[in-house]
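A short worksheet on the structure shown next.
Lettering of chains follows the sequences in order, A, B, ..., and the numbering in each one begins at 1. Just so it is clear, the model here is predicted, and its values are computed rather than measured.
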There are 2 protein chains.
Amino acid sequence: MAMKKKVKARYDVRAKVVKAMAHTTRLFIVDELAKGPRCVCELTEMVGDDISTVSRHLSVLKNAGLVFDEKQGTSVFYSLHCRCILDFFSCLESVIKINAKEQAELAK
Amino acid sequence: MAMKKKVKARYDVRAKVVKAMAHTTRLFIVDELAKGPRCVCELTEMVGDDISTVSRHLSVLKNAGLVFDEKQGTSVFYSLHCRCILDFFSCLESVIKINAKEQAELAK
DNA sequence: GACCTTGTTTGCTATTTTGCCAAATAGCCA
DNA sequence: TGGCTATTTGGCAAAATAGCAAACAAGGTC
């Protein structure tokens, strides 16, 4: 009658990862971490939100298994867990480009 | 001081697409549409939610430019706008697999 | 037209997500 | 130890989402 439990569970796992990415700031952070490890205060500086907010975003990403952290002195450096996340961005760009083209088409 | 407007705008556009995918049911729907066009009632049957809920999910996907709809008699068929969305799933699976492996490693 | 069937929209409530501030924690250094 | 810096966590209010049910719309059929 409804989505089977097993099937639902599979999509739940996927959704967890997608949800972790589903925020402007977190997308920015992931992209930034692609360039290398960054500490919370560096990211905070770039993002411009309160440090507690940035820390919270990072914990969301960490919780989804997208990043990991390492303590170095009093700082905490975050890194991408797996560069395959970056494929996301190319997927995204394709979708966005195609939509833009479509939009332009309709505007004619 | 904060993320520059232009940069933020770019990530906002991306986030909109990711957010549209950030739901168990919507991920399921996208995957199902990969197999071909489906009408709302078919999807409703599979998902098991109220038809109004499914309709709303579809409008979210449509609004993000991920799907489009065509009326056929009294039914409305939805289709994937661009198959490149499916690359998302392979990205997701990579991430999930790697995390699972890591988990197993830690459990040792 | 009356009446289905299929979908969309609206109203409403419940839940989740955001993001700031303040308090708590942890590592350094004097 | 005290004080300073970097980060996390708890509390809380505002905003966004989710999902049901009822009202509404649009195509068919008789």
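Relative ring orientation between B:H23 and B:H57 is described as tilted, the plane-to-plane angle lying within the 30° to 60° band.
Salt-bridge annotation for B:K5 and B:D12: absent, with no side-chain N of the basic residue lying under 4.0 Å from a carboxylate O of the acidic one. A salt bridge is defined here as a Lys NZ or Arg NE, NH1 or NH2 lying under 4.0 Å from an Asp or Glu carboxylate O, and B:D50 with B:R56 fails to meet this definition.
To the nearest angstrom, C1' of D:dA18 lies 14 Å from CG of B:L61. Rounded to an integer number of Å, the gap from NZ of B:K16 to P of D:dA16 is 15 Å. With rounding to whole Å, A:K8 atom NZ is found 13 Å from D:dA18 atom P. To the nearest angstrom, P of D:dT7 lies 14 Å from CD of A:E70. For the pair B:H23 NE2 and C:dT15 C1', the computed distance is 11 Å after rounding to whole Å. In this structure, A:Q72 atom CD and C:dG27 atom P are separated by 14 Å, rounded to whole Å. If you take CD1 of B:I29 and C1' of D:dA18, they are 13 Å apart, rounded to a whole angstrom. Rounded to an integer number of Å, the gap from CE of A:M21 to P of C:dT17 is 17 Å.
When each of B:I51 and A:I51 is assigned the nucleotide of DNA chain C with its nearest heavy atom, B:I51 is the one assigned upstream, toward the 5' end. Two residues, A:K19 and A:G73, neighbour DNA chain C, and the one matched to the more 5' nucleotide by heavy-atom proximity is A:K19.
Ranking D:dA18, D:dC20, C:dT8 by closeness to the B:D49 side chain, first place goes to D:dC20. Taking every side-chain heavy atom of A:K71 into account, C:dA26 is the closest of C:dT18, D:dT8, C:dA26. Comparing D:dG27, D:dT5, C:dT8 by their nearest atom to the side chain of A:T74 picks out D:dT5. Side-chain atoms of A:D50 lie closest to C:dC21 of the nucleotides C:dC21, C:dG7, C:dG19. Taking the side chain of A:V76 as heavy atoms from C-beta on, and the options C:dG19, D:dT8, D:dA22, the nearest nucleotide is D:dT8.
The phosphate of D:dC20 (OP1 or OP2) has a side-chain N or O of B:T53 nearer than 4.0 angstrom. Between B:S55 and the phosphate of C:dT8, there is a side-chain N or O to OP1/OP2 separation shorter than 4.0 Å. A sub-4.0 Å separation between OP1 or OP2 of C:dT10 and a side-chain N or O of B:R56 is absent. Residue B:H57 places none of its side-chain N or O atoms closer than 4.0 Å to OP1 or OP2 of D:dT17.
In this structure, B:S75 reaches the sugar-phosphate backbone alone: every heavy-atom distance under 4.0 Å involves primed, P, OP1 or OP2 atoms, never a base. Within the nucleic acid shown, A:Y78 comes within 4.0 Å of sugar-phosphate atoms alone, with no base atom in reach, counting heavy atoms only.
Within the 4.5 Å cutoff, the side chain of A:L80 has no heavy atoms near those of the A:L66 side chain.
A donor-acceptor pair is defined here as one N or O able to donate and one able to accept, closer than 3.5 Å; no such pair exists between the side chain of A:R14 and the backbone of B:L27. With hydrogens and angles ignored, the 3.5 Å screen pairs no side-chain donor or acceptor of B:D87 with any backbone N or O of A:F88.
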